[in-house]
Amino acid sequence: MQLSVWTYEGPPHVGAMRVATAMEGIHYLLHSPQGDTYADLLFTMIERRNKRPPVTYTTFQARDLGKDTSELFQTAALDVVERFAPDAMLVGASCTAELIQDDPAGLIEKMGLPIPVIPLELPSYQRKEHWGAAETFYQIVRTLSDKNRRPSDRHGRRPLVNLLGPTALGFRHRDDIIEISGLLGKMGIDVNVTAPLGACAADIAKLGEADFNIVLYPETGDLAADYLKREFGQPAVRTVPIGVGATKDFVREVAELAGVDPEPMLKEGLSRLSWWSRSIDSNYLTGKRVFIFGDGTHAVAAARVASEELGFKVVGLGCYNREYARDVRAAAKLYGVEPLITDDHLAVEKAIEDAQVELVLGTQMERHIAKRFGIGCAVISSPVHVQDFPARYSPHMGFEGANVIFDEWVHPLVMGLEEHLLTMFRDDFEFNDHAGASHLGPGHSAPVKEEVPAAPANDTEAVWSEDAQRELKKIPFFVRGKAKRNTETFASEQGVATIELATLYEAKAHYAR
Amino acid sequence: MNAVLPLAKANGSDCAPVLKERGQREVFCGLTGIVWLHRKMQDAFFLVVGSRTCAHLLQSAAGVMIFAEPRFATAIMEERDLAGLADANEELDRIVDQLLARRPEIKSLFLVGSCPSEVIKLDLSKAAQRLGAKHAPRVRVLNYSGSGIETTFTEGEDACLASLVPVMPELSADAPANLIIVGSLPDIVEDQFMRLFADLGIDNVASLPERAVADLPGVGPNTRFLLAQPFLGDTAQCLKERGAQRLDGLFPFGIQGTTSWLQAAADEFGVDQDHFDAVLAPYQQRAAKAIAHQRERLEGKSIFFMPDSQLEIPLARFLANELGMVLTEVGTPYLHRTHLTQELAALPAGVQLSEGQDVDKQLDRVRAAQPDLTVCGLGLANPLESEGLSTKWAIELVFSPIHGFDQAGDLAELFARPLRRRDVLRV
């Protein structure tokens, strides 16, 4: 057993739902108890989908267990065919149904339904959501792809690719595929099929017609890409185009496989990020301490952008999906940090606290952690929340994606000039820690801020002298907590009993970077 | 709306034949109740013994309500727990030790059964006894099942409260009469009711649950109880078995319901009727004023309830009688006829009730009826909205303070808001 408060990934059947919901004309019959229907709200509420996920749950109850739950399953299967007339049906079991061992695959086979049926074996007690999505997509591709389709003669046509991996409930998948399809179009390359998102059974059938595949989301697309390589000999591009550098690498790699010239694209399509990052206001971004956590792919990509393109210092890097831990370990080595591979959000919280960071790049979970610590945060990976489905176009991939990243990661930080102004005006009567936000007008007091305690929390800690405490209050509030912690740590390391003015500045020098 | 409508007498023809359905049920399981129960019982921790799905459900249902570290968690069963490689009981003991070491402030621990723990027949009552003995007196360990195969949404609260009844202190036959309000209410509502009972002259009043599990009220033959929620069938049964008697009235929604609910207590505790009327009059007038604001918007509008919380029938009664709404279909996951006798009698004649669900067929009926407002779960709301049907999230009715006189206006407003929004938008 594993004690869990919040989870980064749902069970594998939720991964299967992400694939089924992304596609057109595919229905998922899930043998499950009532209550498992909660998963619908992930799609209708978080992603604001305007249709119910194409999932029928058998919703058996305790009283059915003594009788015939398999009959319930078969009745539901007939209902699905009659009501929804899908082009293909996925069948599987959730965690509870797995235990009662009704064998949905065997039951459905006996029924001889008039549509293709794809049985899913998703072990709920071993695997998680991303794996469930990858396995489901692979099974769909294996079953529905037409083995006789091959690319047509390359002469006189543009190269053709498949974009693999985008699903429902994915972080920015909707916009990433628009961005990347546009980029490919400019390079003279056409998209044969994007799948699972937006694909129907007929699209899956023609996957073999592409010259090669592009795996945009390895967590959900890798298994299918491996299969397509085996079955159709299609090579796969696995560079994930997040950030300017990675997008350039991606363009070169794609151009090589497609036999086109990457140079016009590289010359023309560069992102504003490069100039924005070089502009003088961005100087203050230098060395900002950033903690990165997410799915393996997004975390590794974010680390490169943070380090090479924004000049941040990566002080923490990790992922929650062990399947991609190897990539994260390799990247962590590059940045000289200890990789954090865990799906325990409390361990992540501890690591963030210990790392004394200025910006967190993480998931919905890290957003809450950062909020509690009063640190800026931007979301870079699923799991996601309703805010991570913006109304506006906001990809993270490609050159426009790099622009979006610059804005989203820099805005949570205090701006460069703003930082100086805060220091200049800290004692101004209108502009100080205790004044409310100016847009609220007069008469609105600020929320009461935690006062610096005069007494130490316990008697092993140093006591602040009055002078030092007064000085501490002059430090801008957004770095004050850090200054206080650093000074106390320094004092305890040095065996100083009373923190004097000098101790404060000695600590400042000690921690200066 | 000024005068309180007289109560119709039950005559056996209170509603059209109940449509009973058996198909896909688009409802939460009983684990969901933990989301509000753990906020109410502040010294309690809820440990679900279940699967990753259970953990995922809890965090999805809790939605944005992410607290620093909530007082609930899931012990996620893994392959080795099922394959018998690890004794599930030993594993559970280890998890509980780990948890209690981390959270020393916890006084009560609920082990909450789930679908998988029920199916593998993991005996949580034995585990609770064993762990209770081990961690006594610091922590009391209780257990109940919130599994989807046994409980629907609010029935999780019923199972939780029922598990508390056996550990309530015993009151003897010569103990003074006491009154227990049964059902988890927001603190503000509970306090309002306590003030009302005090004004009426009923002193010995407690709640189940209290804010601290440690403060459970006593129960005995002189105990009377009022259900504040319609979904507490098992809890009521357990209380009866301990000698307590249920006082029968409408449920305390709206003026009519709250008056009837308080009247049941007043009659039992011998409160003078003139005094009762005098105490309630200002509350009733205030509520009538608040409701009147919404009546204009809701009167004559049709409403369809999908089954969700068992609150549907009392709420439908309130909307029909006090706001003039037209009931197209009132669905409930389970119809407890005994506890709802008065509610059914107070419904307009011939209302179509349905029990259970076949969600696709029911959605066909919604589309055919084209109601002005559909009360439904979160999974259905946006899809219906996109078809042009206004909806109200049922779960909000469980989380929001809606009981009593001073919330009657808010309750009406919850239904009026989607319609007001629909009228306001020009996009």
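In what follows, every chain begins at residue 1, and chains take the letters A, B, ... in the order their sequences are listed.
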Exercise answer: donor-acceptor pairs, residues 36-45 of chain A side-chain atoms, under 3.5 Å, sequence neighbours excluded:
| unit_1 | atom_1 | unit_2 | atom_2 | d |
| --- | --- | --- | --- | --- |
| A:Asp36 | OD2 | A:Ser94 | OG | 2.7 |
| A:Thr37 | OG1 | B:Val27 | N | 3.4 |
| A:Thr37 | OG1 | B:Val27 | O | 2.9 |
| A:Tyr38 | OH | B:His56 | ND1 | 2.8 |
| A:Asp40 | OD1 | A:Tyr57 | OH | 2.6 |
| A:Thr44 | OG1 | A:Asp40 | O | 3.4 |
| A:Thr44 | OG1 | B:Leu378 | O | 2.9 |

Inset, instruction - Write out, in numerical order, the residues from residues 17-32 of chain A with a heavy atom short of 4.5 Å from a heavy atom in chain B. - result: none
Legend entry - Partner chain A: residue of B:Arg22, B:Glu385, B:Glu387 with the largest heavy-atom pair count (under 4.5 Å): B:Arg22
Legend entry - Toward chain B, the part of A:Tyr8 with a non-hydrogen atom under 4.5 Å: neither
Legend entry - By salt bridge (charged side-chain N to carboxylate O under 4.0 Å, His left out) - contacts of B:Glu105 (at least two apart): B:Arg103
Legend entry - Residue A:Leu65 versus chain B: region with a heavy atom under 4.5 Å: side chain
Legend entry - Which portion of A:Ile369 sits near chain B, non-hydrogen atoms under 4.5 angstrom: neither
Legend entry - Which of B:Gly30, B:Gly148, B:Pro383 touches chain A most, by non-hydrogen pairs under 4.5 Å: B:Pro383
Legend entry - Segment of B:Arg102 engaging chain A (4.5 angstrom heavy-atom cut-off): side chain
Inset, instruction - May I ask you to test the A:Asn50-B:Asn382 pair for a side-chain heavy-atom distance under 4.5 Å? - result: no
Inset, instruction - Select one option (side chain, backbone, both, neither) describing which atoms of B:Ser147 are under 4.5 Å from chain A's heavy atoms. - result: neither
Inset, instruction - Measure B:Leu384 against the heavy atoms of chain A and call it side chain, backbone, both or neither at under 4.5 Å. - result: neither
Inset, instruction - Salt-bridge test for A:Asp79 and B:Lys361: reply yes if a basic N is under 4.0 Å from a carboxylate O, no otherwise. - result: no
Inset, instruction - Sort B:Val48 into side chain, backbone, both or neither according to what part of it lies under 4.5 angstrom from a heavy atom of chain A. - result: neither
Legend entry - Interface residue of largest heavy-atom contact number with chain B, from A:Arg63, A:His13, A:Gln34, under 4.5 Å: A:Gln34
Inset, instruction - Starting at CD of A:Gln61, measure out to SG of B:Cys29 and round the result to the nearest 0.5 Å. - result: 12.0 Å
Legend entry - Within residues 44-61 of chain A or reaching into it, pairs that qualify as salt bridge (charged side-chain N to carboxylate O under 4.0 Å, His left out) - sequence neighbours excluded: A:Glu47-A:Arg49, A:Arg52-B:Glu26, A:Arg52-B:Asp360
Inset, instruction - For the residue pair A:Thr7 and B:Ile76, establish whether any side-chain heavy-atom pair is separated by less than 4.5 Å. - result: yes
Inset, instruction - Pick whichever of A:Glu129, A:Lys371, A:Gln126 has the most heavy-atom pairs under 4.5 Å with chain B. - result: A:Gln126
